[in-house]
Number of protein chains: 2
Amino acid sequence: MSLKHGLLGLLNYGSMTGYELDKAFKASLSFFWQAKTSQIYRELDAMERHGWLTSQRVIQSEKPNKRVYTITEDGKEELVKWLSSPESDIVDAMHVRSAFLMRVFFAGETSIQQSLEMLRRYRQKCLESSEGLRVAYDAISDYGAIVSDEKKSKYWEIVVLYGEAFFDAGLSWTDKAIAILEEELRG
Amino acid sequence: MSLKHGLLGLLNYGSMTGYELDKAFKASLSFFWQAKTSQIYRELDAMERHGWLTSQRVIQSEKPNKRVYTITEDGKEELVKWLSSPESDIVDAMHVRSAFLMRVFFAGETSIQQSLEMLRRYRQKCLESSEGLRVAYDAISDYGAIVSDEKKSKYWEIVVLYGEAFFDAGLSWTDKAIAILEEELRG
DNA sequence: TTAATCATGTAACACGTTACATGATTGC
DNA sequence: GCAATCATGTAACGTGTTACATGATTAA
């Protein structure tokens, strides 16, 4: 139920429309959790039925009407409850889920050349993502400026540090893997 | 569609029953892709409808009847086609998906003590997983002994190297993160 | 004049999880 | 006597993806 709790966390910063939530989500949480707009609207619906939030329709003349979502006391309680029981997500974080690794696993069915190409492409993407982290960092800083809370931005930085560690690990892993396959080509 | 292709890859090594596939999956691919038994049976059904495999029911007297799945030519073609178009999965591999990181992101809503506890628990789990890799490596070696193919085991080793890099990255990241928060406590 | 922004959704489908059902044989 | 192994699934639910629909305002 992480999408629901992510939305709850954002709404805890202040009331927003679905549209604004979608943008806030994509500007920050999307680094570690992806969701489509249509899914966000569906989850907001379910959360309202759960009583975690309420919505008020706002009629606008110049722009389309909108619906502003506000977190309820029950929603805040749920958020606190969720934050205090991280165990299952910690266990979960130990499980890699990667279709790419499945391809590496079955790479013996293709040529070494093809496998090398795939690994080199992966390496290049890691580099790009590593550089892209600066952009993500700026996005987080922008949002941090809106919400302006020193305490929160500390943790956002820690999340970005995770990204750096993740992509660095990807780089040094591909270096090793490529070396093994190149050795195979020569040997 | 990675589960389907994982099963296709395993069946490419030889015909198996759903039960055997489930065990083979959990002994090898589960390191980077998890699936429940019931889902595996459902996918096998869908794959048979796609014409990627055929099944023969084997009547047994002493044991429950079984159904042996065999990959078809269409299935082998699909496997090769899949292996030669890795781009989308490479792009996908650049996206982290972690409910745990969402918790870190919102950790400002809790105390530093609670956040430290969570990070320390994560760190401990990384250590355990890192040690557990040896077990996974043995499982892969066992399966490698059954299939016995030098070429394949090269790639299986590379996958295990990824695991090492991943958990090592987790360890050094938590060290940094914990240091930042402990500094916060003192400062 | 074309694209982007604002603002909402519905419908169908694909994939993943949980709970349940059945029942014989073999090892401790 | 009890648990594990063998061997198959169904049903319901939850979550994620894709495609589609609507229509005004504003900036390049």
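Every chain is numbered from 1, with letters handed out A, B, ... down the list of sequences. The figures here come from the full heavy-atom set of this structure, side chains too, leaving out hydrogens, waters and symmetry mates. Since this is a predicted model, take the numbers as computed values, not measurements.
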Report the end-to-end axis angle of the helix from dT1(C)-dA28(D) to dC28(C)-dG1(D); each axis comes from five terminal pairs, and the value is rounded to 10°.
50°

How is Lys36(A) classified with respect to the nucleic acid when contacts are heavy atoms under 4.0 Å: base, sugar-phosphate, or nothing?
base

Just call it for Arg67(B): base, sugar-phosphate, or nothing, with non-hydrogen atoms closer than 4.0 Å on any strand.
sugar-phosphate

For a quick check of understanding: with a heavy-atom distance under 4.0 Å over all strands, which category does Asn65(B) fall into, base, sugar-phosphate or nothing?
sugar-phosphate

Would you say Lys4(B) reaches dC15(C)'s phosphate, i.e. side-chain N/O to OP1/OP2 under 4.0 Å?
yes

Of all the nucleotides listed (dT8(D), dC15(C), dC6(D)), which has the minimum atom distance to the side chain of Tyr41(B)?
dT8(D)

Have a look at Thr17(A) and say if it touches a base, only the backbone sugar-phosphate, or nothing, with a 4.0 Å heavy-atom cut-off.
sugar-phosphate

Report, as yes or no, whether the 6.0 Å neighbourhood of atom NZ on Lys76(B) holds more than 12 heavy atoms from other residues, nucleotides or ligands.
no

Using distance only, find each side-chain donor-acceptor pair of residues 178-187 of chain B under 3.5 Å and give its atom names and separation, not counting sequence neighbours.
residue: Glu182(B); atom: OE2; partner: Arg120(B); partner atom: NH2; Å: 3.0

Could you give the CG-to-P distance, from Asp22(B) to dA7(D), as a whole number of Å?
12 Å

What pairs of nitrogen or oxygen atoms, one from the protein and one from nucleotides 23-28 of chain C, lie under 3.5 Å apart?
none

Is the backbone N or O of Phe105(A) less than 3.5 Å from a side-chain atom of Trp156(B), with the two atoms forming a donor-acceptor pair by type?
yes

